[in-house]
Amino acid sequence: MPQSIRAGVLGATGTVGQRFLQLLDGHPTFAVTALAASDRSEGKPYAEACTWRLPGEVPPAARALRVQAPEPPLDCDVVFSSLPADIAGPVETRFAQAGYPVISNSSAHRLSDPVPLIIPEVNPDHLGLLDACRETQGGGFIVTNPNCSAVMIALALAPLATRFGVRGVVATTLQALSGAGYPGVSALDITDNVIPFIAGEEEKIERETRKILGRFQGGRVVSADFPVSAQCHRVNVVDGHLAAVRVMLGRPAEPSELRDAMAAFRGLPQELGLPSAPERPILVRDEPDRPQPRLDRDAGRGMSVTVGRIARDGVLGHRFVVLSHNTVRGAAGAAILNAELLLAKGYLKPRA
């Protein structure tokens with residue numbers, strides 16, 4: 001990988017923005033040179049503008065950087081976006097039109113037909129959508145990573161779809177507090193409680209999973225034709241989303257075959273040795289009480305998803321439980337891995 005690509009972070013003071021800075025600290029290719037956030041932070045050094053909420057200290061390279069408005073131009077070659085969805089859409093579009101590659105964790109553009117929604121191990125061929133975008137936007141484009149729960153569900157389903165085919169999926173999620181950002185859910189609401197509603201989340205999982213597992217043909221992505229049904233719950237866990245998944249396969253299979261398919265699964269990031277790629281994107285646990293957020297969310301430096309409880313299901317045929325770190329593999333880490341893939345495939349380079 002060439003050295004070095006200058007990176008800017010939009011929404012740098014928020015929960016996911018902080019995770020971007022933590023994961024980019026010491027990265028072999030990307031060096032953070034620009035930070036942007038809301039007007040209340042604009043003009044301040046990052047260490048003064050940001051209330052750091054992650055373990056450890058503010059990365060040294062970011063401490064003295066002045067926070068700017070989230071508008072072009074910024075002194076960087078690529079933009080990572082963790083902006084809220086309600087403002088991300090037009091801001092990211094302006095950066096792309098100004099010639100910047102935008103690697104977004106926001107939901108604003110995920111389901112736009114021309115925008116790739118990427119899990120690098122699953123659908124790197126969907127980057128073919130960018131060839132037309134770069135011609136019309138002066139070299140700029142937008143690439144998105146999925147919703148924090150859709151990442152783990154689609155990643156776990158990918159080897160099953162390839163080997164057996166998938167005819168239907170039902171997923172019930174138990175989602176961590178950090179997924180709501182900071183300050184997030186009130187302590188009075190979540191203590192001694194489970195909240196069976198997260199606005200917009202079920203629709204995101206259902207639609208994004210089908211786009212990710214769809215096929216790229218004729219210059220467009222055709223979503224997978226099987227139904228996905230999701231129910232989402234907020235639980236009193238700090239980090240780590242978990243989903244109980246039931247799946248109807250396209251052909252009969254033994255639970256051991258599902259286990260083998262998941263455990264053996266590798267993708268292009270592993271072949272290329274990308275810096276953020278885990279050695280094993282799917283870890284399979286055989287204990288009857290795993291995975292658990294506290295024990296398994298940091299697997300593969302937070303970039304592996306962990307699957308367990310693989311068994312027959314009396315309704316849809318098979319079931320399993322999958323867990324991932326929602327702000328690493330489910331957010332900032334996913335975007336950084338996307339950027340590493342883009343660089344390896346020749347879509348990123350230093351700006352003039």
Side-chain angles (χ1 to χ4, degrees), residues 15-16 19 22-23 53-56 105 119-122 145-160 169-180 184 190 194 198 201 205 209 230-247 255-256 258-267 269-270 274-311 313 318-337:
T15 303
V16 175
R19 187 68 78 177
Q22 184 186 64
L23 296 177
R53 299 289 178 182
L54 299 181
N105 179 66
I119 301 175
E121 290 92 343
V122 176
N145 56 269
N147 166 274
C148 46
S149 291
V151 168
M152 63 180 180
I153 293 169
L155 187 50
L157 288 172
L160 307 185
V169 178
V170 175
T172 302
T173 70
L174 307 174
Q175 298 183 214
L177 295 171
S178 57
I190 197 63
V194 172
I198 305 173
E201 198 79 356
I205 293 171
T209 299
Q231 286 185 299
C232 298
H233 307 74
R234 186 74 69 196
V235 298
N236 197 8
V237 171
V238 176
D239 291 313
H241 286 358
L242 184 146
V245 180
R246 285 168 166 76
V247 57
S256 60
L258 275 67
R259 186 200 187 284
D260 292 345
M262 290 176 171
F265 181 70
R266 302 291 189 277
Q270 287 71 40
L274 299 181
S276 297
E279 181 181 350
R280 291 185 290 169
I282 303 174
L283 296 173
V284 179
R285 307 288 310 209
D286 296 316
E287 301 92 327
D289 61 350
R290 300 285 284 276
Q292 298 177 25
R294 194 167 59 189
L295 300 179
D296 298 303
R297 61 193 170 206
D298 294 319
R301 296 168 297 153
M303 289 296 287
S304 294
V305 305
T306 302
V307 171
R309 305 293 317 278
I310 302 170
D313 180 72
H318 294 87
R319 64 183 181 221
F320 58 87
V321 173
V322 59
L323 179 139
S324 74
H325 197 303
N326 54 293
T327 66
V328 182
R329 182 57 136 173
I336 293 169
L337 186 59

Under a 4.5 Å cut-off applied to non-hydrogen side-chain atoms, are [X] and [Y] in contact?
X	Y	value
R259	F320	no
L177	V237	no
V321	V307	no
L337	P269	yes
Q270	E121	yes
H325	R301	no
V305	P281	no
I310	H318	no

Reported [atom1]-to-[atom2] distance for the pair [X] and [Y], which is rounded to 0.5 angstrom:
X	Y	atom1	atom2	answer
N147	T209	CG	OG1	8.0 Å
C148	I198	SG	CD1	8.0 Å
R53	S178	CZ	OG	13.5 Å
I205	I153	CD1	CD1	4.5 Å

Should the pair D239-R294 be classified as a salt bridge under the 4.0 Å nitrogen-to-oxygen rule?
-> no

Taking [X] for the side chain and [Y] for the main chain, is one N or O donor matched with an acceptor at less than 3.5 Å?
X	Y	answer
S324	M152	no
R234	A176	yes
R319	R246	no
S304	I282	no
N326	G240	yes
Q231	T173	no

Can you give me the closest heavy-atom contact between [X] and [Y], atom names plus distance?
X	Y	value
A331	N145	O-ND2, 3.7 Å
M303	S276	CG-O, 3.5 Å
V151	G330	CG2-CA, 4.3 Å

Answer yes if the side chains of Q175 and E201 hold a donor-acceptor pair under 3.5 Å, and no otherwise.
-> yes

Is there a donor-acceptor contact under 3.5 Å linking the side chains of T306 and R285?
-> no

Using the side-chain contact (heavy atoms from CB on, under 4.5 Å) rule, take H241 and R297 through it: C-alpha gap first, then chi angles, then the decisive distance, then the call.
-> CA-CA 8 Å; H241 286 358; R297 61 193 170 206; over 6 Å; no

Identify the residue among V284, L160, L155, D260 that makes a side chain to side chain contact (heavy atoms under 4.5 Å, CB included) with F265.
-> L155

Is the CZ atom of R290 crowded by more than 12 outside heavy atoms at less than 6.0 Å?
-> yes

